[in-house]
J.: 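Got a structure for you, written out below as structure tokens; questions coming shortly.
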Amino acid sequence: MLSRLQLTAIRDQLDSLLDEAGRKELSLRETLYFLCEREIARKDERRIQMGLSIAHFPRVATLEGFDFAAQPSLDARQIRDLAASRWIAHGENLLFLGPPGVGKTHLAIALGREAILAGYSTLFVTAPALLAALAKAHGEGRLEEKLAHFAKPKLLIVDELGYLPFEANAAHLFFQLISRRYERGSLLITSNRTVGEWGVVFGDAIAATAILDRLLHHSYVVTIRGESYRLKEKRRAGVLPRQHSGSTDSVSVHQPA
Ligand code: ADP
Ligand code: MG
């Protein structure tokens with residue numbers, strides 16, 4: 001019966017759970033509670049494992065593993081607040097902008113992880129991979145299917161927008177995806193370009209304006225300035241010469257409009 005009800009944690013550990021309940025002298029009601037608790041814990045663990053595997057994160061990165069001291073101007077409280085995933089519940093967007101190596105991808109993965117823990121389906125993709133997939137599907141007459149695929153997760157993380165310029169027509173495909181997700185799901189985008197440079201990245205000023213209009217409507221923009229974390233580590237270790245750049249580290253956070 002436990003198998004039929006898919007109460008597999010209780011099924012697999014029934015003897016030891018009942019022994020434990022006996023040792024603790026739990027009442028019938030407490031025992032039932034205890035068994036349910038174990039079943040839910042197992043189901044949550046499975047759900048999180050599954051969520052992490054379908055998110056396709058390129059590596060493991062956590063908020064605990066982020067050294068806020070190394071990025072002193074980044075508002076740790078603001079990031080922890082974003083990690084509570086309320087912006088995802090509200091379908092808002094988040095942009096991490098800044099030069100290479102300052103931790104944009106690290107934070108994107110870490111916040112994606114928190115989103116999964118909070119129960120939101122999440123998918124990570126790099127901008128070039130996303131655009132290549134859309135262009136390929138378009139060529140094969142399966143664009144609709146691909147758009148649905150990328151529109152489905154509650155949080156879509158698009159990493160490294162702007163490292164490569166868009167191919168012809170890519171801006172239109174990206175615009176279709178943005179429209180599809182608009183006010184339905186959240187986007188987390190990382191870019192080494194300022195929003196003002198996106199017209200150049202997209203190779204299409206009109207599409208860029210339309211994309212930004214939807215993207216920025218409900219969004220947080222976190223601009224990280226400063227030096228690459230890896231270079232900073234090397235400098236600290238004495239491999240590279242020290243640099244005096246006290247005032248270049250800063251961060252600006254805009255509340256949603
Ligand atoms: P970006 O995406 O901005 O180019 P990454 O997130 O890939 O930068 O960061 C480069 C490397 O440095 C990664 O291995 C990342 O985990 C690490 N890193 C960057 N900033 C921090 C930080 N503040 N604390 C810990 N690790 C960091
Ligand atoms: Mg990156």
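On a predicted model such as this, the values are computed, not experimentally measured, just so you know. Note that ligands are numbered from 1 as they come in the structure, with each ligand's atoms numbered from 1 the same way. No hydrogens, no waters, no symmetry mates; every other heavy atom, side chains included, goes into these values.
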J.: At what distance is the nearest protein heavy atom to atom 6 (O) of ligand 1, and which residue and atom is it?
T.: H106 N, 2.8 Å

J.: Could an N or O of ligand 1 be found under 3.5 Å from any N or O of R230, whether backbone or side chain?
T.: no

J.: Between L212 and L130, is there a shared hydrophobic cluster once you connect ILVMFWY residues whose side-chain heavy atoms come closer than 4.5 Å?
T.: yes

J.: For atom 24 (N) of ligand 1, state which one of D67, N192, L107 supplies the nearest heavy atom.
T.: D67

J.: At the 4.0 Å heavy-atom cut-off, does G101 count as touching ligand 1?
T.: yes

J.: Does V102 have a heavy atom less than 4.0 Å from any atom of ligand 1?
T.: yes

J.: Quick one: does ligand 1 sit under 4.0 Å from the side chain of F66, the backbone, both or neither, non-hydrogen atoms only?
T.: both

J.: Do R142 and E145 pass the salt bridge (charged side-chain N to carboxylate O under 4.0 Å, His left out) test, and can you show the C-alpha distance, the side-chain angles, and the key distance before you say yes or no?
T.: CA-CA 5 Å; R142 292 185 300 101; E145 203 180 298; 3.4 Å; yes

J.: So do W87 and L82 actually touch side chain to side chain, heavy atoms under 4.5 Å?
T.: yes

J.: Quick one: look at R59 and ligand 1, take heavy-atom pairs under 4.0 Å, and tell me if it's side chain, backbone, both or neither.
T.: side chain

J.: Could you list the atoms of ligand 1 found under 4.0 angstrom from a heavy atom of T105?
T.: 1 (P), 2 (O), 6 (O), 7 (O)

J.: Evaluate the side-chain proximity of L111 to F96: yes if any heavy-atom separation is below 4.5 Å, no if none is.
T.: yes

J.: Side chains of L97 and V222, heavy atoms from C-beta outward: is any pair under 4.5 Å?
T.: no

J.: Would you say T190 reaches the Mg ion (ligand 2) with an N/O/S atom under 2.8 Å?
T.: no

J.: Please determine whether salt bridge (charged side-chain N to carboxylate O under 4.0 Å, His left out) holds for the pair K104 and D159, giving the CA-CA distance in whole Å, both sets of side-chain angles, and the decisive distance to 0.1 Å.
T.: CA-CA 8 Å; K104 301 183 298 297; D159 196 29; over 6 Å; no

J.: Identify, for atom 8 (O) of ligand 1, the protein heavy atom at the shortest distance, and state residue, atom and that distance.
T.: G103 N, 3.2 Å

J.: Would Y163 and L187 show up in the same hydrophobic cluster when neighbours are defined by side-chain heavy atoms closer than 4.5 Å?
T.: no

J.: Report, in ascending order of atom number, the atoms of ligand 1 lying under 4.0 Å from any heavy atom of P100.
T.: 4 (O)

J.: Using 30° and 60° as the class limits, which term best fits the ring planes of F174 and F166: parallel, tilted or perpendicular?
T.: perpendicular

J.: Heavy atom to atom 26 (N) of ligand 1, shortest distance: which of Y229, F68, F96 holds it?
T.: Y229

J.: Salt bridge (charged side-chain N to carboxylate O under 4.0 Å, His left out), that's the test. Do E64 and R113 meet it? Break it down for me.
T.: CA-CA 12 Å; E64 297 76 48; R113 215 184 147 78; 5.9 Å; no

J.: Mind checking whether Q71 has an N or O less than 3.5 Å away from an N or O of ligand 1?
T.: no

J.: In a check of side-chain contact (heavy atoms from CB on, under 4.5 Å) between L173 and each of H138, E167, K146, which one passes?
T.: H138

J.: Touching ligand 1 at all, G65? Heavy atoms, strictly under 4.0 Å?
T.: yes

J.: Out of curiosity, is G98 lining ligand 1, as in a heavy atom under 4.0 Å away?
T.: no

